[in-house]
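What follows is a set of notes on a single structure, which appears directly below.
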Amino acid sequence: AQSVTQLGSHVSVSEGALVLLRCNYSSSVPPYLFWYVQYPNQGLQLLLKYTTGATLVKGINGFEAEFKKSETSFHLTKPSAHMSDAAEYFCAVSVGTNFGNEKLTFGTGTRLTIIP
Amino acid sequence: DSGVTQTPKHLITATGQRVTLRCSPRSGDLSVYWYQQSLDQGLQFLIQYYNGEERAKGNILERFSAQQFPDLHSELNLSSLELGDSALYFCASSGSGTGWDTQYFGPGTRLTVL
């Protein structure tokens, strides 16, 4: 079975600083990896996803993530934090190679706080 | 706006009661997923339907059931409610139901059991 570990339940960065949110996965088959963002009292919005091909994936709002198979990681980064980035971020994995196994398995989330 | 709609937005009920949560997927999407988000369990997959048929089950209690109708909307029924069922319930939809397909989430239904 697949799983996701997000290191750091809370991360604080200054406005304009680098954002780095960590995600490690476990999967016995090639994974599909996702980052979602959840703003207060809202649903989840897809930031980016890795399926196949280029391992550096660019998403919305200036975020990107790199799939590193050797490290089983899919860390999310943004060069310069903005106040509007304050939210909860979820890393998720799907395998999807078997019928009926397309569900998303989520990490526990990282709450990002931006310091003015 | 993801295109997935969920009703109601909020639901307050008492223990032992039964409620129905409704989800309309994005136009053209055949697959519907239900997830539960709670403080102690995080985001957990409950059940998936594809074109009217159950496709996968996750951590769904026997007191919970779901179905997908011919018009592809889905309902999640929660019965004999307990305090611990209080949570945010999300519906998501995708076009093909495959693992690489993006799941688009609705705004959720917040259930409070008193």
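Treat the numbers as computed from the prediction; the structure is a model and nothing was measured. Within every chain, numbering begins at 1; the chains are lettered A, B, ... in the order of the sequence lines, protein sequences first and strands thereafter.
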Select one option (side chain, backbone, both, neither) describing which atoms of [X] are under 4.5 Å from chain B's heavy atoms.
X: Thr51(A); value: side chain
X: Leu46(A); value: side chain
X: Phe90(A); value: side chain
X: Gln38(A); value: side chain

Drop me the distance from [X]'s [atom1] to [Y]'s [atom2], to the nearest 0.5 angstrom.
X: Lys57(B); Y: Lys103(A); atom1: NZ; atom2: NZ; answer: 14.0 Å
X: Leu44(A); Y: Gln103(B); atom1: CG; atom2: CD; answer: 10.5 Å
X: Gln48(B); Y: Leu104(A); atom1: CD; atom2: CG; answer: 10.0 Å

Notebook entry, point to check: By side chain to side chain donor-acceptor pair (under 3.5 Å), which residues pair with Asp1(B), not counting sequence neighbours?
Noted result: none
Consider only side-chain heavy atoms of I, L, V, M, F, W and Y, link residues closer than 4.5 Å, and tell whether [X] and [Y] are in one cluster.
X: Ile47(B); Y: Val4(B); result: no
X: Tyr89(A); Y: Val93(A); result: yes
X: Val13(A); Y: Met83(A); result: yes
X: Leu21(B); Y: Tyr49(B); result: yes
X: Leu61(B); Y: Leu78(B); result: yes

Notebook entry, point to check: Should we count CG of Asp71(B) as having more than 12 external heavy atoms under 6.0 Å?
Noted result: yes
Next item on the list: List for me each residue that meets side chain to side chain contact (heavy atoms under 4.5 Å, CB included) alongside Ser80(A), sequence neighbours excluded, and say none if there are none.
Entry: none
Check: Using non-hydrogen atoms only, which part of Leu88(B) is less than 4.5 Å away from chain A: side chain, backbone, both, or neither?
Finding: side chain
Check: Between Ser2(B) and chain A, which part of the residue has a heavy atom less than 4.5 Å away: side chain, backbone, both or neither?
Finding: neither
Counting only pairs under 3.5 Å, give me each side-chain donor-acceptor contact of residues 52-74 of chain A, with atom names and distances, residues two or more places apart or in other chains.
unit_1: Lys58(A); atom_1: NZ; unit_2: Glu64(A); atom_2: OE1; d: 2.7

Next item on the list: List the atom of Phe90(B), the atom of Gln42(A), and the distance in Å for their closest heavy-atom pair.
Entry: CZ-O, 3.9 Å
Item checked: Closest non-hydrogen atom pair, Tyr36(A) against Thr102(B) -> OH-CG2, 4.2 Å
Item checked: Contact listing (chain A partner; residues 22-43 of chain B; heavy atom under 4.5 Å) -> Tyr33(B), Tyr35(B), Gln37(B), Leu43(B)
